[in-house]
Every structure is written in C-alpha cells, then in structure tokens.
Amino acid sequence: MAKYRVGLGVSGGIAAYKAVEVMRALQKSGCDVSVAMTRHATEFVQPLTFRALTDKHVIVDDYDPQNPDPIAHINFSQNIDLLLIVPATANIIAKFANGVADDFLSSTYLATTAPVMIAPAMNTTMWDQAATQRNVERLRKDGVHFVLPVEGELACKTVGTGKLEDVENICRQAMALLATCDERGETGEDQSSSNVCDLKGEHFLITVGGTREAIDPVRFISNHSSGKMGFAVAEAAAARGANVTVVAGVTTVDPPANVKVVQGISAEEMHDAVMNELSKASVFIGAAAVADYAPANAADAKIKKEGRDSMTLELKKTPDILADVSRHRHDGLLVIGFAAETNDVIGYARSKMEKKGLDIVVANDITKAGAGFNTDTNIATIILRGGQKEMPLMSKRELADRILDEVVRARTS
Ligand code: CTP
C-alpha cells in the first residue's frame, strides 16, 4: 500500500514537463499520485503521459463526459494527503488566493483539507509583480507552503527569479511536509477529513545563530552557534502551517525554505530587527546565542599591536532581546527561551523563566554528548509553568516538533 496519497496539480507553463519528473520521483518515494491538470497545462503536456504513468484518469474538466467520476473535485480533494502544484502559474496562484473556483484544479483547492504546497514557475516580471507577491503572501497567511522559484535562465531567455526549483528539492520538501503531518496523525489511509496543519494562523518570530560583536573592522567576539536548532524550529513551524520570520545572526547552515529571513549580526542589530518585527508575531522564540557583552568602544580603524604588550578590552552589556520581548509583550504572544547550561541546568533554567517572564524554557546541558553546539541532535528538558518534560537524545528537528507541540497545547489549554 502506498505510504502517502499526493494530488499533483499541473498548471499551464513551460515547466509543466517537469511535473512528470516530480510525479516519478514521488512514486519512487512510495507515493500514490493522482494528477489534475488545467486546460492550459494540456497544451504543454498530454494528459495521456500522466495517465500512462499513474494508471489513472487524469482530470482536467469535471464536466467532461469522459470523466468517470461525476463529483470528481470532491472525491479527488478528500482522498489526498497533500495537494502539490507543479508548476504553479501566476494565474492559478491568483485564483487560489481569491477563492476563484472556475475549473477542476481551483475547485479542488477550495474543497481540500489536505496541506497544500505550491511550486511556482513564471517569467521574472510576472513573479515580481506586486499582484503576484500579494497573492503569495495571502496564501502563506492561509497556511499554504511554497517551494519558491529560483534564479536562472528562463524559457523567455532572460535571467532572473522565476525558474521552477529542482525536481529533487520539490520532492524533498513535499516528503518532509508529508512526514511532519504524518507524525501528527494527519495523513494516512484511515484519516478523517481533519488533516490541516496545527499552526495555521500563528506567526513565529525566531532568533537564530550566534551574534558577532565588533572589536574593530577586522576582529570580533562571537561563539560556536551554528543556527541548527533555531532553523529546525523554523522549518518545523513552517511545515505545520505557521508563517515564520527568522532573525539570523551568524549561522553555518542554510535557512529552510518557506521562511522569511532578516539579518541581525550583532546583538544590537538583532535586537532592533526583532523589535521591528514583533508586532506581527504571535510566538517569539529566542534560539540565538546572543553575546551578553560587546566591546564598549569598537574602533573605527584596525587596532595595531605596535607598542602594546597587552591590551584591555572594555565590554558593555548587550540588550537582552528575550527579556525585552517579554517586557513589551502584546496580548496572546507566547515567549519561549533557551537555556544552555553546564551545571544545575534545571535550576538556572527555572530562574531564567522567572526573571525574563517566559512561558516555556528549553534547557539543555551542553556538556552531554549529542547536546552541544553544531550537532544535529540535542538532549533537553522542556520547562513549562506547571511542570517539565524530559526529551532524550533526538534530532534537533524532532525536538523542534516537541517544542511546537507545547505551543499547540498552550493554545488549547
Ligand atoms: N538572550 C537574548 N538576548 C541576550 C542574551 C540572551 O535574547 N542578550 C536569549 C537567548 O536567545 C536564550 C536565552 O536568552 O533564549 C538565554 O538566556 P541567558 O540568561 O542570557 O543565557 P546566558 O547567555 O547563558 O546567560 P547566563 O550567563 O546568565 O546564564
């Protein structure tokens, strides 16, 4: 039996032929794929191609007398674990964003409760157009996931953003979303119709990575943070339907797709970036390793060693971003911090919770193997106002989901 059921929607762009490769890759990953096409898509690829490879009728028009199912848009939409649109034209994005249901694919979007992932492909000007960007933003807010187009040479021979993301990347992201929803019991043959991701409507603001505090134009004070934990939380939240903004310091890994990234390299810059974004947030997570002190007077020019046998650096305290967010919190904002400790982990973490007014603290003992900086795993205790939960050695991504489970619990309790 296939692991997941994917509804693959193909709209009318030159990249429609790549949907065939996506379909094959999904099948190889154990998915049962059903295909729906817009009428314009059939100008680029014949439905017969998909039919031969899926052994299923390819639906273009509900009302086509050849269509074996008289209420196809309902049956198709209710029997999938994911609706994946490859490629998505500006037109289909506009229809989805506005609830227009004038053909099979747009009706399916309105009729499905499955998570939706969209991989757009179009000319750069069409992609950059305010109307398209507005529609994308609106769909993101509605909980739709995007595999954003990349830069490259387009069919019209221009170079710019608008090229369909690589087939492998689209499949990887689709499979990751399916796996996340599966863990949460939201996919599978025996599912009910309620398979909507559970963080839809939330807006996460997450600080990630280490900060860099300038001594002079060439030197700085920093730390070993990689950004892996913060990005794992960002990725997991986006996969569960949240809108995610990350304020990133220095990181050694790439940010996940589907999140907005704002830079804040020094503690001061990170603080300002967070305060700028805060009013939109419903959940704040301080996952960054923010320097507690920065040079009091960074030199404008490179400091020379000539004539100096020693050097004293005066440091001043940086703004405590997490504490400031908590102090300025608006109604409904959940504030979550991290505590990386080497001793009396729970004691220090609980005192952070009190001092900074936090709802949840994720505490870890960084001396334990598998729990430090730059690893892909972590061992943690999630400290709640009314108790705590031990998280044994697990991937940072898995821990991210356990933290997000507590966000969901906090909202429903
Ligand atoms: N944090 C912050 N801004 C700072 C310092 C820390 O937002 N200037 C956040 C971190 O992102 C993390 C939590 O606060 O969520 C860590 O708490 P903190 O008490 O600052 O930890 P340490 O820096 O380890 O401090 P201490 O030496 O007091 O243990």
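What you see is a predicted model, and the numbers here were worked out from it, not measured in a lab. Just follow the structure's listing: the first ligand is 1, and inside any ligand the first atom is 1.
Nearest non-hydrogen protein atom to atom 11 (O) of ligand 1 is A288 O, 2.6 Å. In terms of protein heavy atoms, atom 7 (O) of ligand 1 is closest to L322 N, 2.9 Å. With hydrogens left out, the protein atom closest to atom 27 (O) of ligand 1 is D292 OD2, 4.0 Å, a heavy atom. Ranking the protein heavy atoms by distance from atom 19 (O) of ligand 1 puts K352 CE, 2.9 Å first. Looking at atom 15 (O) of ligand 1, its nearest protein heavy atom turns out to be G286 O, 2.6 Å. In terms of protein heavy-atom proximity, atom 8 (N) of ligand 1 is nearest to P319 O, 2.9 Å. Nearest non-hydrogen protein atom to atom 12 (C) of ligand 1 is F338 O, 3.2 Å.
L84 places a side-chain heavy atom less than 4.5 Å from the side chain of V22.
Within the 4.0 Å heavy-atom criterion, both parts of I321, backbone and side chain, lie near ligand 1.
Ring orientation note: the planes of Y109 and F96 are close to parallel, at an angle under 30° on the 30°/60° scale.
Side-chain contact annotation: T381 with E390, donor-acceptor N/O pair under 3.5 Å present. Using modelled atom types, one finds no donor on one side chain facing an acceptor on the other under 3.5 Å when comparing T125 with D128. Under 3.5 Å, the side chains of N223 and S225 contain no donor-acceptor pair of N or O atoms.
Taking the charged nitrogens against the carboxylate oxygens, D359 and R385 have no contact shorter than 4.0 Å, which rules out a salt bridge. Using a 4.0 Å cut-off between charged nitrogen and carboxylate oxygen, R172 and E165 do not count as a salt-bridge pair. The pair D405-R240 meets the salt-bridge criterion, since a charged nitrogen lies less than 4.0 angstrom from a carboxylate oxygen.
The ligand atoms of ligand 1 that sit less than 4.0 angstrom from a heavy atom of T318 are 8 (N). Residue G337 approaches ligand 1 through these ligand atoms, each under 4.0 Å from one of its heavy atoms: 15 (O).
At least one heavy atom of K356 sits closer than 4.0 Å to an atom of ligand 1.
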